[in-house]
Every structure is written in C-alpha cells, then in structure tokens.
Amino acid sequence: MGRQATVLLLFFLQIATSQPQTRGDWDIHSFHVNTTVTCRYAITVITSHVFNRNDNSTEIDFHVKIPKRAFISKFRMTIDGRIYDGVVKPKEEARQQYNTAVSRGQSGGLVSAVGRTLEDFKTSVSVAAHSKVTFELTYEELLQRRLGNYELLINAQPGQPVKDFKIDVSLYEKPGINFLQVEGSLATNDLGSAITKSHVDEKAWVKFYPTQDQQITCDGCGENGLSGDLKIIFDVERPHSKGDIREYGGFFVHYFAPTGLPRIPKNVVFVVDQSGSMAGKKIEQTRTALLKILGDLAEDDHFGLICFDDRISPWKRELVRATEQNLEKAKEFVRTITERGATDINAAVLEGVKMIKKSHKEDAASILILLTDGDPTSGETRPERIQSNVREAIGKRFPLYCLGFGFDVNFEFLQKMAQENDGVARRIYEESDAALQLKGFYEEVAVPLLTSVQMSYRGAANLTQTSFSYYYNGSEIVVAGQITDINDFSTEVIGISTDSKVTYSGVEPIDDDKLPAEMSGFENFLQRLWACLKVKQLLEKELVLTGEEKEALRKEALDLSLKYSFVTPLTSMVVTKPEGEDSQVANKPKEGDKSADDAEREYRKSITFLSKTSFTKKGKVMRMLHEGKYVFHLLKYILGL
Ligand SMILES: *[C@@H]1O[C@H](CO)[C@@H](O)[C@H](O)[C@H]1NC(C)=O
Ligand SMILES: *[C@@H]1O[C@H](CO)[C@@H](O)[C@H](O)[C@H]1NC(C)=O
Ligand SMILES: *[C@@H]1O[C@H](CO)[C@@H](O)[C@H](O)[C@H]1NC(C)=O
C-alpha cells in the first residue's frame with residue numbers, strides 16, 4: 001500500500017505541475033496549412049501569424065500535431081522582422097551543446113509522440129507587447145499505399161477561432177488520380193460545407209475554409225475553436241502493369257503495383273500470446289479478430305494456430321486446409337482461448353516455423369504472424385538469443401510479422417526480429433478498435449500476388465531497396481535512385497507468380513520537366529523523396545547490424561538527414577530564440593519509447609486495472625515491476641531529466 005500511496009502522490013504532483021490548457025492572451029490572425037503532393041511525396045507547410053495584444057511581453061505557444069511517418073525539415077520564427085531558423089545537427093552534437101539549456105526547460109523536447117499516428121510539436125517564444133510572430137513548420141513524407149489507397153492526414157487545432165483559417169491541399173499525380181475522398185473528424189456534417197474539392201485527371205485540390213462562426217458552433221467546437229483531422233484518401237491510375245517511372249532533376253522513382261495477377265495460396269500460421277497480461281479486453285479483441293480473419297481465408301489456403309504462454313498449445317500439430325469444416329473447428333478453438341501464464345516467445349515462434357516448414361509447398365506463400373503483448377519471460381528470455389534462433393530457423397524462407405499489442409512490449413525487439421526475417425513489426429494500440437487494427441493488418445498481407453520480387457535498373461545508381469520477399473495486393477513497391485545515363489536507362493522486374501516466373505521490362509520514364517505552377521518551390525522533390533526513402537530504409541537495416549557495418553549505415557543515414565535537413569532519429573533541430581531565451585531542441589520520438597505522457601496514461605490505466613482485477617502471484621510481481629517503471633518515468637518527468 002505504501003508504494004501505491006507514493007505513486008499516487010507523485011501522480012497528483014505531476015498533474016499539479018503540468019500547465020493547464022488555457023487560451024492565451026494572443027490573437028491568431030491566420031492559420032494556414034498548405035500541402036503539395038506529387039509522386040505520393042507530400043510536403044506540408046503550416047504557417048501561423050500571431051499577435052500579442054497584451055500590454056506586456058507574453059510567451060506565445062505554437063502547438064501542432066504532425067504525422068509520425070513524416071520528417072520535419074524546416075522551422076522558422078519571424079519576430080519583428082527578424083528570422084530565427086531551426087538548424088538540423090547531429091543528435092549527439094545538439095545534445096552536448098544544448099544539454100544545459102534543454103534540461104532547464106520545462107519539458108524534455110519540442111516533439112513528443114501522442115499516439116497512433118501523430119506527434120506533437122510544441123514550442124513557445126516571448127513576444128513584446130503589441131508585436132507579431134510568424135511560425136512556419138514544414139514536414140515531408142512519402143505516402144505509402146495500404147489496402148488500395150493512400151491517406152494524407154492533416155491535423156488542425158489552433159486553440160482559438162481564427163479569422164483566416166485555411167487548409168489547402170493540391171495533388172498532382174501522373175498518369176491520373178482515379179478517386180479522391182475527404183474523411184476525418186473535420187469533414188463531418190457541420191463543417192462539410194467548408195470543404196471544396198475538385199479533381200481533373202492528374203490534378204486535384206481540396207480546400208477547407210471554415211468561417212470563424214463555424215469554428216465556434218461546430219460539433220465539439222467552442223471558444224477554443226475547432227480541433228480535428230482531415231484525411232485525404234486517393235489512389236492513382238495504373239495503366240501499365242510494369243509500373244510507372246517518373247524522372248526529374250537526375251532522379252527517378254519507380255512505382256510497381258501490378259493488378260490482374262492471380263492470388264497465391266497462403267500457408268499462414270498465427271502465433272498468439274495468451275499470457276496472463278492479455279487478460280480482459282486484449283484477449284477478447286484477439287479472439288474477435290481471429291474469428292474474423294479465419295472467416296476470410298480462402299479454401300486453398302492452409303493455416304495453423306498456436307497459442308502460447310509458458311506452454312505451447314497448437315490447435316493442430318500441422319497446417320490444415322481452410323475448408324469450411326476445419327474453419328468451424330478452428331473457430332471453436334479460438335473461442336476457448338483464455339489468458340494463463342508467462343510468455344515463452346522463443347518456443348512458440350520456433351514451433352510456428354516448424355509447422356510451416358513441415359508442410360512447405362513450392363507454389364504457396366508462407367507467412368508467420370506473431371501477436372504478443374509482453375517481453376519474453378519464460379524459456380529462452382534473452383532477446384538476442386531468441387532473434388538468432390528464429391533467424392536460423394526461418395533462414396529467409398518466408399517473412400515473420402510481429403504485432404506488439406499495447407505498451408508493455410519491447411517494440412525494438414519485435415522490430416529487429418521482423419526486420420531480420422523480411423517482415424515488419426506493427427503496434428496494436430490498446431483501444432476499442434484493437435480487433436479492427438489486427439484485422440486491418442491481416443488484410444494487408446491477405447493476398448500475396450508475387451514472391452521474390454527483384455527490381456533491376458541499368459543506367460542508374462544509389463538505388464533504394466530493390467528486392468522484396470512478397471508483393472501483396474493493395475500495396476505498392478517503390479524504388480528510387482539517381483540516373484547516371486538516361487540514354488542507357490532500362491528496367492527489369494522479376495517475380496514469381498503462382499507457379500511461374502514473370503518478368504516486366506522496359507518501362508519508359510515520364511520526364512517531368514514541366515511541373516504545374518502549384519509545384520513551384522518544390523523542384524527538388526524527387527531528390528528529397530529519394531533521400532527520405534533511403535534514410536528510412538537505412539535506419540531499418542541498421543537496426544539489426546552491429547559493429548562497423550552498423551556505423552557505416554548510420555553515417556550514411558546521418559549525412560543524408562543533414563544534407564536534406566530532416567529531423568530523423570539521428571538528428572535534432574536546434575531552435576534558437578531571441579536573446580535571453582534558451583534554445584530548444586527538437587528530436588524525433590522513437591516508436592516504443594515511453595514519454596512522460598505515455599507514463600501518465602499508462603498509470604491511469606493501471607489504476608483502473610488495479611481496482612478491477614484480482615491477481616495471481618505472478619501478476620502481483622509483474623504489477624510491482626510496472627509501478628516501478630511509472631515512478632521512474634514520473635520522477636524523470638518532474639525533475640525534467
Ligand atoms: C498556399 O496555397 C495557396 C493556394 O494554393 C497559395 O496561394 C499560397 O501561396 C500557399 N501558401 C504558402 C505559404 O505556400
Ligand atoms: C504589465 O507589467 C506591469 C509592470 O511589470 C505590471 O504592473 C502589470 O500588472 C502588467 N500587466 C499585465 C496585464 O500583466
Ligand atoms: C486485388 O485488389 C483489387 C482491388 O481491390 C481487386 O479488384 C482484385 O480482385 C484483387 N486481386 C485478387 C487476386 O484478389
């Protein structure tokens with residue numbers, strides 16, 4: 001009880017010291033969001049003009065949310081005609097130079113993770129009485145095709161009604177945009193009339209210009225103005241199955257997403273954590289998702305189900321065909337899955353690998369999916385050993401996807417394990433739609449169309465990743481690079497369809513020398529797209545390397561981040577302010593790192609959990625460990641470490 005009381009005290013202390021959200025004594029004269037998308041590369045500029053109407057100098061906040069997948073590339077403040085530009089530096093250098101300034105500041109950094117899709121960017125600056133400040137933030141991202149479309153997410157919550165409020169999105173996609181839809185909380189009834197969209201062939205525009213009145217009266221709005229998201233969802237025409245190549249300024253990008261191929265039957269094994277920590281909603285949502293997923297298997301698919309805690313409980317020892325009868329039996333089994341003991345990831349995944357290998361068929365695509373919500377706590381518990389065991393067992397024969405459910409997973413461990421085995425790791429957020437998130441992930445890998453896809457280019461260099469284990473329906477393979485000899489430029493894609501090799505060659509690059517007027521100022525977008533993709537891939541690869549190899553990739557990623565001024569996990573942006581104010585440092589939050597907000601949210605959750613659940617001995621120990629972690633995070637936060 002003593003421990004609980006301490007934690008509670010710290011918790012309230014923390015609430016008391018956090019700043020209340022009040023509307024500041026300033027007027028936002030304008031709030032503009034401009035996004036330009038071309039070749040799926042989105043560059044967004046948020047500009048806000050603010051006036052201090054106080055008779056005294058005032059600390060003015062700038063607080064926006066940006067997509068997690070984006071890199072910040074510019075931040076500028078203009079105060080009384082003076083410009084203060086953020087400067088991107090190697091993270092280590094920024095940390096050493098500005099450590100003192102940052103630790104004196106009230107929070108750890110300018111950017112923090114706020115959840116599933118967004119990051120918070122927050123700064124403030126002191127502005128003299130009756131003076132103005134302009135904030136300008138630019139971020140960039142390569143939109144990724146999922147389930148047949150791209151989604152551009154724009155968040156807006158200026159904190160007060162703004163007279164001149166505009167969101168402008170322009171899209172330019174050769175060879176044409178085939179549909180365009182606007183969704184999100186800002187696209188609802190009351191505000192629907194503030195949206196206009198138009199779409200002609202390869203160009204489209206979305207404008208969102210709500211009046212000040214609308215910003216006050218809309219559903220969920222008030223004196224703090226509106227707050228919400230716009231989602232622009234679109235897809236592009238694909239006239240050639242061999243893909244499209246765009247060329248500009250010495251760089252190219254190749255989009256490959258053939259349709260019209262037959263689906264390849266799957267061998268899919270689900271390895272599902274049923275340890276004690278899955279108790280309650282998580283296990284319920286997992287059951288719901290599995291039932292739906294089973295319902296979607298095709299009859300020529302084969303599947304396996306393995307539940308695990310400290311013991312392994314396969315439904316059947318071997319893969320079975322997805323006949324109606326087998327599916328019914330599997331569903332019965334799924335309904336009986338309940339939470340039990342500790343977590344033996346090693347044994348469970350190895351059992352899954354064995355199952356797939358035993359019934360290996362040449363003309364099927366094998367997929368292993370691990371769902372877990374915790375660290376390995378039973379059997380082999382050393383992450384490095386589990387990784388090497390799994391890597392050896394799989395031997396690059398099929399991909400492993402790792403789904404981390406909730407916040408107690410060692411996400412980096414899952415990322416490494418997936419990365420080493422040609423898969424990806426995803427986070428499943430512990431929210432009411434977790435079952436949908438699980439199903440959504442499964443749908444992305446539900447229809448393999450090609451395996452062993454190899455993309456080759458002549459007359460080009462500095463290519464991004466060119467080999468891909470699988471190509472799934474609804475996704476897209478993207479390769480970018482530098483053109484070294486346009487007269488000798490040629491392409492070839494080889495992949496394996498149901499039973500035969502397929503080759504696509506000779507894609508004609510579309511020369512984009514005439515960009516539309518909307519694109520002025522973004523002329524080097526293709527080079528930036530290449531750099532953005534390259535940095536992301538280098539960081540993924542680097543994760544599973546060690547020693548000199550790791551250092552070499554890190555250096556390459558760092559150099560590119562600096563050259564294009566991207567705020568990536570290796571760089572920081574130092575924001576220098578007028579004299580007398582401390583500089584601040586913007587870092588890219590790491591997926592899986594718990595920021596103070598997370599600790600608070602988790603702690604709240606654990607309190608609710610505490611009051612609802614009775615514990616086994618094992619549960620008690622785990623809970624104490626968790627509490628220790630929260631105390632540590634809260635202390636860290638309070639002391640501003
Ligand atoms: C934003 O977009 C509008 C319309 O396309 C354009 O007139 C304006 O100059 C843009 N503003 C910025 C800051 O790029
Ligand atoms: C402005 O500053 C003066 C002197 O520092 C102080 O007396 C006054 O209360 C302040 N006014 C406001 C509105 O904060
Ligand atoms: C792939 O997806 C498209 C569009 O969603 C669909 O029309 C097509 O039938 C799918 N292909 C297969 C083999 O399922």
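Both counts, for ligands and for their atoms, begin at 1 and track the order of listing.
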Engineer: Do Arg427's NZ or CZ and the ring of Phe411 fall within the cation-pi criteria of under 6.0 Å and 45°?
Structural biologist: yes

Engineer: Quick check on ligand 3: any N or O pairs to the protein under 3.5 Å? One line per pair.
Structural biologist:
unit_1: ligand 3; atom_1: 2 (O); unit_2: Asn473; atom_2: OD1; d: 3.3
unit_1: ligand 3; atom_1: 2 (O); unit_2: Asn473; atom_2: ND2; d: 2.3
unit_1: ligand 3; atom_1: 11 (N); unit_2: Asn473; atom_2: ND2; d: 2.8

Engineer: Could you tell me how the ring of Phe71 sits relative to the ring of Phe566: parallel (under 30°), tilted (30 to 60°) or perpendicular (over 60°)?
Structural biologist: tilted

Engineer: So, Glu476 and Tyr471: side-chain donor and acceptor under 3.5 Å apart, yes or no?
Structural biologist: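 Short answer, no.
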
Engineer: Centres of the Tyr429 and Phe405 rings: under 6.0 Å?
Structural biologist: no

Engineer: Can you confirm if the aromatic rings of Phe441 and Tyr401 lie within a centre distance of less than 6.0 Å?
Structural biologist: yes

Engineer: Could you tell me which residues satisfy ring-ring contact (aromatic ring centres under 6.0 Å, His included) with Tyr470, sequence neighbours excluded, listed by chain and number?
Structural biologist: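 Result, ring-ring contact (aromatic ring centres under 6.0 Å, His included) vs Tyr470: Tyr472.
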
